[in-house]
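Remarks on the structure that follows.
First the proteins, then the strands, lettered A, B, ... as listed; each starts at 1.
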Amino acid sequence: MEGKTEVQGILTKVDMADYVDSADVVIIGGGVSGLSSGFRLAKAGKDVVLVEKGIVGWEASGRNGGGVGDRGTEPRLTALGLESLRLWDNLDQELGYPTEFKRIELLGVALTESAMGAVSESAELRNKQGLECRVLNGDEIRKMVPEISGNVVGGSHVTTYGHANPQRASQAFAWGFQDAGGRLYQHTAVTGITVEHGRVRSVETTAGTIKADVVVSAAGPQTGLIGEMVGLRVPISPARVEILVTVPLEPRLKYRLHGNGLYGGQTLRGNLLFGGGPHEWTDVGLTSEPSKPNTPLVRNIARRLAELLPGLKSTRVLRNWAGIVEQTPDQYPIIDMLDEPEGFVLVTTSAHGFGLSPATGQAVCDLITRGKSRIPIDGLKLDRFDNVPDDWREQVRWQVGAYNT
Amino acid sequence: MDKAQLVVVGGGVAGASAALEAVKLGVEVTLIDENPLDFSMMGLDIPLCFGQRMMPTVRDKGLMLQRVVDSNELLSEAQEAGVDVQLGTYVWGSFTNQEHSRQFETPVLGLADDERSWLLEYDNLILATGARDFVLAFPGRHLAGIMGANAVDSLINRYQALAATNMVVLGSGDLGLSTALKALDHGVNVSGIVDVSPEVRGSDELRSTLEARGVPFYISHTAIEARGYREVEALVIRPIEGEPGANNETEIACDTVCLAIGLVPNVELANLTGCLMTFRPELGGYVPDRDEYRRTRVGNVYVAGDIDGFTENMVSNPMIAMNQGKLAALSVAESMGMIDQVKADTTRQRLIPTLGVMEGDSTNEYRSAWLSSLVSTGGMEVNVCQCEEVTRRELLDAAPPRFLGWHGKERGHGTFDGLMKAGPLNLDHVKRITRAGMGYCQGRRCREEIAMLSAQAAGVDVAQVPVASYRPPVRPLPMDILWPEDEPEELRNNWPIWFNIPWVEAEWRGKQKYKGFSPR
């Protein structure tokens, strides 16, 4: 088949000098979930082709807050969370490139009594699972974060936490994947999947067809559209969210923070990076890069950050960007190797993707190479949504254009 | 929220003329200009390369306000004619309804001054945001005293606060020559005008005036380094390669180096507003696509002045910018029905011929010649991104930032070459990996060189490389100024942290509730 292809949107001419017409596994989507899966599979000796309609890590994977937690308040995800932290500890060495991952402890900070109620609830949830979480009073928080608001009522302290640089980590995964023999096709969009006799057979892309009998869909907000290609209804609802960063400061915050409606912390470079707040539900197209416009929400995020850390309120805001994430009806990921069609693995992470990515990749690799994930992923199957009605988004007010619901 | 019929951003010649013309035609106009700038913003080299050469008087806002007004007759005229002139006001954001963002009935600008921020809706927008200094890196450019031509002009004309005593100018076009003359007229010694080109690029008239006043010209010369401790004390130059005596260094004592190689149109707001842009080297870089009515591809956004392209002949002919402003105003007024088409066309026919032909270096050759001579003398270990301290070599190695102290294995696919093999050059991608362009100056001192070096390494024409992204706020404003006093109750009370949104009951959801951290 000829190599050159013209495509639309941000996609540009791709010269398929290394044309591949078959692989063991085709992975759809170059976010961290797909890349992590690809890396593990390539290491396991599989011939993997990963197709990404744009550039790796360009969407949610490269735009999030970088937090890595054990998911201790979400029992369905805790095993994945704990395993992820363990894997993150060695990821730089495994991939051969820096991710900026560092262990850092997390403080939940309450500036009101009602917020303190929520903090205590979370602490209880963790303790129920045998995960530690100390509840602190205002004075203790003040000692740990001198810049914190004078209104601080109390908070919680979790030691099993970390953070990494989303952009750098996504790229590290991609390079690690390629170094391990994986083939990466950027600027290549999937347009169809062929299923024959109940089994996936090939993936059609804007640069040709790739035969494979295992296909992993790790397509983020395009998951629903990809699912349709194999006759599946995968209920997801994309949304746009925003984050800001400040100019770099000398190292100040020794903890990541959740509080006053924000999540974030200080990057290794020194910028304060915080997000939170309203999101806008939307829909995305199949092959083009979705636009990710900002709104004046940056002011409201800045206000909350200045309220949370009044000692730093005159810090300059440097940048503000947006990302698009997808949510399932119960706001939990799907990691599932389907019975029908055979050979189809579905991954969508409901905005938990970045932190869980090392374990997600391990789980997907296990599903494909052993038939079963060594890390428990019960409760993350697609069929739990079988009774979700088609108009579910309207019912919960997550339809296109809905804001902050 | 307030709403304006027409907002003009930029109170220079083009913007003030546009505002004045529009108000005369019956349009309600708000004209916004960020001068007088906040002293600490100038200290960040935003929006021009002030090089720390501002006199302390710039801290006196009242005095600076007076000077800004006194130095700009058109501005006063506009105000007297009924234009709502807002000075000392930054436009940091531009928000429109589009896919994935549908909350705006009318497009909105984000504004701020030294105390607070606010939003302004508009029906029509004229961007007259001018141009900024084209900057290239050389050893010593981190010292105080490295300025740009527009910054020199601004400090002299608007602020009367240029703290330079002895200047060397790089660039011998009308931009450099007129800057040198301005400096001389304001008591600054000009110890040399340096250019890589084989002859003086600017007008004979300006050249002979400067020669008559004893300014030495160093053509076919390039800069090696600026020397000094914390601030510039001398500039070392030498003939360019291939010239006789190419190893002979000349050290010129000075306290200021003025980069007058070129200007770059300030297109950040145009970009945020969704205007399509094209790289036009003869105009200084990316300019918004526009029609003969000065309307961009966004139907209610127009451009006038240096944002629409700067060519050296505009230096001595302010009528060009003025008439561009008038034309933009005319189009707005016509679209509002304030003037009929026949009258508008008559005025257009009178004004358009005065704009002249935009002449310039359409191959980017001049800037490329400067860059290659500076790379030749300064080498690859020079920081191309001053804020994040990324060298030319690190940029083209796609290297992780130095502060990570990364010592990994041999990098397989993780190289600049590897990136180029996986897809066409994308400057945002390079930025993410190297951090070049991510610093506090918001790319103003490195964008162009990063684009040129990257394009060269990738073997492509810089004109073919998509423009790197702009992100709001396009002025780095403190959190306590961006702080919205006007936050609606609804938002204050219903702020979700990370999708911890109110749980809507539904039969199919059963008893399951979303658990998670929900501080309210």
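- Looking at B/Leu44, only its side chain comes within 4.5 Å of chain A, counting heavy atoms on both sides.
- B/Arg432 has its side chain out of reach of A/Ser170: every pair of non-hydrogen atoms, C-beta onward, lies at least 4.5 Å apart.
- The minimum heavy-atom distance between A/Leu318 and B/Gln442, with the atom names listed, is O-NE2, 3.1 Å.
- Heavy atoms only, all atoms of each residue included: B/Trp483 and A/Glu307 are closest at CH2-CG, 3.5 Å.
- For B/Tyr470, no part lies under 4.5 angstrom from a heavy atom of chain A.
- Between A/Arg240 and B/Glu99, none of the side-chain N atoms (NZ, or NE/NH1/NH2) sits under 4.0 Å from a carboxylate O, so this pair counts as no salt bridge.
- With a 4.5 Å cut-off on side-chain heavy atoms, A/Arg316 and B/Met479 do not count as touching.
- Closest non-hydrogen pair, B/Pro496 versus A/Pro278, comes out as CD-N, 3.8 Å.
- For the pair A/Arg299 and B/Trp92, the cation-pi test (distance below 6.0 Å, angle within 45°) is failed.
- Side-chain contact between B/Arg492 and A/Arg303 is present, with heavy atoms from C-beta onward closer than 4.5 Å.
- For B/Arg402, the CZ atom sits in a packed shell: over 12 heavy atoms of surrounding residues, nucleotides or ligands are nearer than 6.0 Å.
- Both the backbone and the side chain of B/Asp428 come within less than 4.5 Å of a heavy atom in chain A.
- Both the backbone and the side chain of B/Tyr440 come within less than 4.5 Å of a heavy atom of chain A.
- Looking at heavy atoms from C-beta onward, B/Ile433 lies out of side-chain contact with A/Gln167 at the 4.5 angstrom threshold.
- Only the backbone of A/Leu95 comes within less than 4.5 Å of a heavy atom of chain B; no side-chain atom from C-beta onward does.
- Proximity to chain B (any heavy atom under 4.5 Å) is restricted, for A/Val247, to the side chain, taken from C-beta onward.
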